[in-house]
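Beneath this line is the structure, given in structure tokens, with notes to follow.
Quick note: numbers below take in every heavy atom, side chains included, and nothing from hydrogens, waters or symmetry partners.
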Number of protein chains: 2
Amino acid sequence: MAPTEGLHAARARGRNTRQLVHELLRSRIISLELAPGASLSENDLAAELGVSRTPVRESLILLGEEGLVDVYPQLGTFVARIRERDIAAAQFIREALECAALRDAVGRATRRDVADLRELLAAQADTERRDDPEGFFRLDEEFHARLMAAGGHPEAWPVVSQAKAQLDRARRLSLPLTQQLSLLIGQHTAVVDQLEQGDLDRADEALRSHLRLVFTDVQTIRAEHPELFAEPEAPVRPRREPRRRVDRAGAGEG
Amino acid sequence: MAPTEGLHAARARGRNTRQLVHELLRSRIISLELAPGASLSENDLAAELGVSRTPVRESLILLGEEGLVDVYPQLGTFVARIRERDIAAAQFIREALECAALRDAVGRATRRDVADLRELLAAQADTERRDDPEGFFRLDEEFHARLMAAGGHPEAWPVVSQAKAQLDRARRLSLPLTQQLSLLIGQHTAVVDQLEQGDLDRADEALRSHLRLVFTDVQTIRAEHPELFAEPEAPVRPRREPRRRVDRAGAGEG
DNA sequence: ACTACAACACTTGTATGGTAGCCGACCAGC
DNA sequence: GCTGGTCGGCTACCATACAAGTGTTGTAGT
């Protein structure tokens, strides 16, 4: 595969290299293709992607602002380990914003909005039948985004999305484990039902318990994959990759 | 004045050039020292600050993510005009997060928390007596930050702060106009009072109306300073500075 | 065997050079 | 006078070179 082709091809569509690299790395981090703690060298990434250090570096700075990577000057850049604090903060932000938007959506959402949401629910049910969790993730994202748009606050979605990224990293582990797609879809449906009926408090409660379920899921994951999480009170001083000994004789790694 | 000295002196305190430039520009934009619509050239800024283009550029990218500047490739970077959408979104985000944090603070805040808040209120009253709106701004910032900390969500403050930045730009105009410092302080006090008494709904209401007042203030400003705002539906295609005609006769400088 | 030390490889941070693209100004032609 | 084309200067974007700092690691000394 030649990833540079994909990059340069997309550049024609009005997005610059920095944005492309940013999105690429972001998706790799959220999907855990890049595991927490992994080292991200500007040089290596630039070489791998066939671009210069500049856009890579700028992407890493942005990811650092999002809390997805930790940059230690003169030491290295690492995929951020999942921190209890960050998870809790993300959960708080998400819950506050999504529920507030939903409350605004009650009595404001049009029939068209509701119809669109129900269409998404049907599509989500499809992904369950096809056993396509990846597809569900995309539709889940869209569902929550549209819910906020129905409340008249589409601009706030990026903020939620950023918080969500922290949760999603751990969630990727939980979903295939629990296989709770039908449960999640049921909760989505409940939210839309209450929204349609105009019951403000019940809608809020439905969405809140849904978000909380995802949150508690993350907590259970922690016991199973402690290596992905940061120690509670041990500020991780990451280790540099031990240098591979350039030993001609036995270095035949293929 | 030699701003470069301040920069390089502060560099010793563990902050790199990018962060310093970022903070500097951010404060200048929020204080309206850099007016909406103003052009920000990487070259000019680098020359003015005595650093290279790299940290300046990286700062501008970050400011772009915050919505404080608009970057038009191959055209220029401009201080973002105040957009109705951005203001509304910022208000929504701020209200949702601060009120949610306050609700958590009720029944959780310690006596120490309340005492600290009251100390801030006293200091705010001082700034009113001394007619020091700049000082009030700082204390206001700290008050709201501590309120969120009292709710157990200090990590969410940066998100609020970023949203607040959009509002503050317009607020800078409104405050000296209205001279409502005492009113604002009174509202702050009401929030703390309800928090201390443990009345959840009244605390929420007190904070919400406080935040709304600030918001409506911004709206009144719009009529007086339309040039700082963007047209509702006209995506501003910013103009480049007209070139000064190089007229030999009258331009004998140097 | 163990420790102190010094060179090294590698990191991010900063500075600078070159490129594609856009806009305003200028000018020929109508 | 007005319009279309061209030119020049400016922009952000990307690439590259240099600087400053850190942990590892091999080594000499004890």
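With a 4.5 Å cut-off on side-chain heavy atoms, B/Leu45 and B/Leu25 count as touching. Using a 4.5 Å heavy-atom cutoff, the side chains of A/Leu62 and B/Leu62 are in contact.
Scored by the side-chain contact (heavy atoms from CB on, under 4.5 Å) test, A/Ala80 finds A/Asp70, A/Arg83, A/Arg169 as partners (sequence neighbours excluded). With sequence neighbours excluded, the residues forming a side chain to side chain donor-acceptor pair (under 3.5 Å) with B/Asp168 are B/Lys164, B/Arg171, listed by chain and number. Listed by chain and number, the residues in a ring pair (Phe, Tyr, Trp, His ring centres under 6.0 Å) with B/Phe143 are B/His188 (sequence neighbours excluded).
We find that CZ of B/Arg15 is positioned 16 Å from C1' of C/dG13, with the value rounded to whole Å. Between B/Glu42 atom CD and D/dC13 atom C1' the separation is 8 Å, expressed in whole Å. Put simply, NE2 on A/His22 is 15 Å from P on D/dC13, counting in whole angstrom units. For A/Asn16 and C/dA20, the CG to P distance is 16 Å, given to the nearest whole Å. For the pair A/Leu60 CG and C/dT11 P, the computed distance is 12 Å after rounding to whole Å. When rounded to the nearest whole Å, the span between CG of B/Asn43 and P of D/dC13 equals 13 Å. Regarding A/Leu63, its CG atom lies at a distance of 15 Å from the C1' atom of C/dT12, rounded to whole Å. Between the CG atom of A/Leu20 and the P atom of D/dC14 there is a distance of 9 Å, rounded to whole Å.
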Collect all protein-nucleotide pairs involving nucleotides 16-18 of chain C in which both atoms are nitrogen or oxygen and the distance is under 3.5 Å.
residue : atom : partner : partner atom : Å
C/dG17  : O6   : B/Arg53 : NH2          : 2.5

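The stretch residues 35-47 of chain A participates, sequence neighbours left out, in these salt bridge (Lys or Arg N to Asp or Glu O under 4.0 Å) pairs: A/Glu42-A/Arg53, A/Glu42-A/Arg57. The stretch residues 149-160 of chain A participates, sequence neighbours left out, in these side-chain hydrogen bond (donor to acceptor under 3.5 Å, both in side chains) pairs: A/Asp104-A/His153.
Of the side-chain N and O atoms in B/Thr77, none sit less than 4.0 angstrom from OP1 or OP2 of D/dT11. Between A/Arg57 and C/dT12 there is no side-chain polar atom (N or O) within less than 4.0 angstrom of OP1 or OP2.
Checking C/dT12, D/dA15, D/dG23 against the side-chain heavy atoms of A/Leu75 singles out D/dG23 as nearest.
Here B/Ile61 lies out of heavy-atom contact (under 4.0 Å) with every strand.
A donor and an acceptor atom never sit less than 3.5 Å apart when one is taken from the side chain of A/Gln74 and the other from the base of C/dT11.
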